[in-house]
Amino acid sequence: MKITPHLDVDVIAVEQDDDVTLMLDLQAPPMPAGAKRLPATIQVVLDRSGSMHGERLDAAKNALLTLIDRLTPEDRLGVVTFDSEVQVVLPLRALTNKLAAKAAVDDIQPGGMTNLSSGLLRGLQELERVGGPQDDTTASGTLLLVSDGHANDGV
């Protein structure tokens, strides 16, 4: 795997507080010729709190829509959103209806406070409910937490 970091600034002052944005560009090695990718299991936990309103939530939703486009019907996808409350937007299952999955993501709206711990725990429960691979036909599950990290509710 090739990892390339990108900062939004060239120089960081040591004497004062500042916000710095880091983007990591991850490039996976090419798949060997003739190899077939195992179906993926991806549980997304998306922060839809008030602090994600606007650009942040729009960018996260666009990334999810791109992910849906890239997955196959054999892949499993689940989406949990959280603000003060947790909601299972897409139960974790095979992605057989991409249009319905995209519509569910499009319908996500910003909410209230940020109960990150409840969202994360519910996402883990969804992964556990489906279970890990029972054999060599499915890749292990991945939980993707998308948040600005401004947790102000819950644990």
Side-chain angles (χ1 to χ4, degrees), residues 1-9 17-28 31 36-134 137-155:
M1 171 145 331
K2 179 182 175 189
I3 302 173
T4 308
H6 302 278
L7 289 172
D8 64 341
V9 294
D17 290 342
D18 199 0
D19 289 332
V20 178
T21 301
L22 170 69
M23 179 179 80
L24 293 176
D25 183 11
L26 306 174
Q27 185 175 5
M31 241 178 145
K36 186 175 184 236
R37 178 179 69 81
L38 292 175
T41 299
I42 302 171
Q43 176 62 56
V44 177
V45 177
L46 175 62
D47 180 351
R48 67 175 202 97
S49 65
S51 63
M52 290 287 288
H53 184 266
E55 269 185 34
R56 292 175 181 173
L57 186 57
D58 291 343
K61 287 168 54 174
N62 285 334
L64 281 177
L65 294 172
T66 301
L67 174 64
I68 291 168
D69 284 337
R70 292 182 178 194
L71 294 175
T72 68
E74 292 79 31
D75 294 320
R76 296 186 292 188
L77 177 69
V79 177
V80 168
T81 61
F82 67 93
D83 60 343
S84 303
E85 303 292 324
V86 176
Q87 179 182 11
V88 177
V89 174
L90 287 174
L92 185 58
R93 62 178 170 233
L95 187 58
T96 56
N97 188 341
K98 287 188 177 189
L99 290 177
K102 286 181 161 188
V105 170
D106 278 333
D107 287 344
I108 296 171
Q109 298 297 317
M113 304 291 276
T114 309
N115 191 341
L116 194 147
S117 59
S118 289
L120 181 60
L121 288 173
R122 183 56 195 257
L124 290 169
Q125 286 174 342
E126 283 292 297
L127 269 177
E128 187 174 295
R129 177 184 62 79
V130 172
Q134 305 303 315
T137 62
T138 307
S140 62
T142 300
L143 186 135
L144 176 62
L145 174 63
V146 182
S147 175
D148 60 7
H150 295 287
N152 55 15
D153 193 19
V155 179

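Between the side chain of N152 and the backbone N or O of M113, no donor-acceptor pair lies under 3.5 Å. In this structure, S118 contributes its side chain and V86 its backbone to no donor-acceptor pair below 3.5 Å. With hydrogens and angles disregarded, a donor-acceptor distance shorter than 3.5 Å links the side chain of R56 to the backbone of S51. With D47 contributing its side chain and V146 its backbone, the two residues share no donor-acceptor pair below 3.5 Å.
Under the rule for a salt bridge (charged side-chain N to carboxylate O under 4.0 Å, His left out), R70 has no partner lying at least two apart in sequence or in another chain. Listed by chain and residue number, nothing satisfies the salt bridge (charged side-chain N to carboxylate O under 4.0 Å, His left out) test with D106 (two or more places apart in sequence, or in another chain).
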Report task. In sequence, state the C-alpha distance, the side-chain angles, and the governing distance for D83 and S49, and then conclude on side chain to side chain donor-acceptor pair (under 3.5 Å). Result -> CA-CA 4 Å; D83 60 343; S49 65; over 6 Å; no
Show every donor-acceptor pair shorter than 3.5 Å between a side-chain atom in residues 92-105 and any protein atom, with sequence neighbours excluded, or say none if there are none.
| residue | atom | partner | partner atom | Å |
| --- | --- | --- | --- | --- |
| N97 | OD1 | L99 | N | 3.3 |
| N97 | OD1 | A100 | N | 3.0 |
| K98 | NZ | I68 | O | 3.2 |
| K98 | NZ | D69 | O | 3.1 |
| K98 | NZ | L71 | O | 2.5 |
| K102 | NZ | D69 | OD1 | 2.5 |
| K102 | NZ | D69 | OD2 | 3.4 |

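Between the CG atom in L26 and the CE atom in M1 there is a gap of 6.0 Å [rounded to 0.5 Å]. The OG1 atom of T114 lies 10.5 Å from the CZ atom of R48; values are rounded to the nearest 0.5 Å.
Shown are L57, L46, L90, V88; of these, the side-chain contact (heavy atoms from CB on, under 4.5 Å) with T81 is made only by L46.
In this structure the side chain of V44 reaches within 4.5 angstrom of the side chain of L64, judged on heavy atoms.
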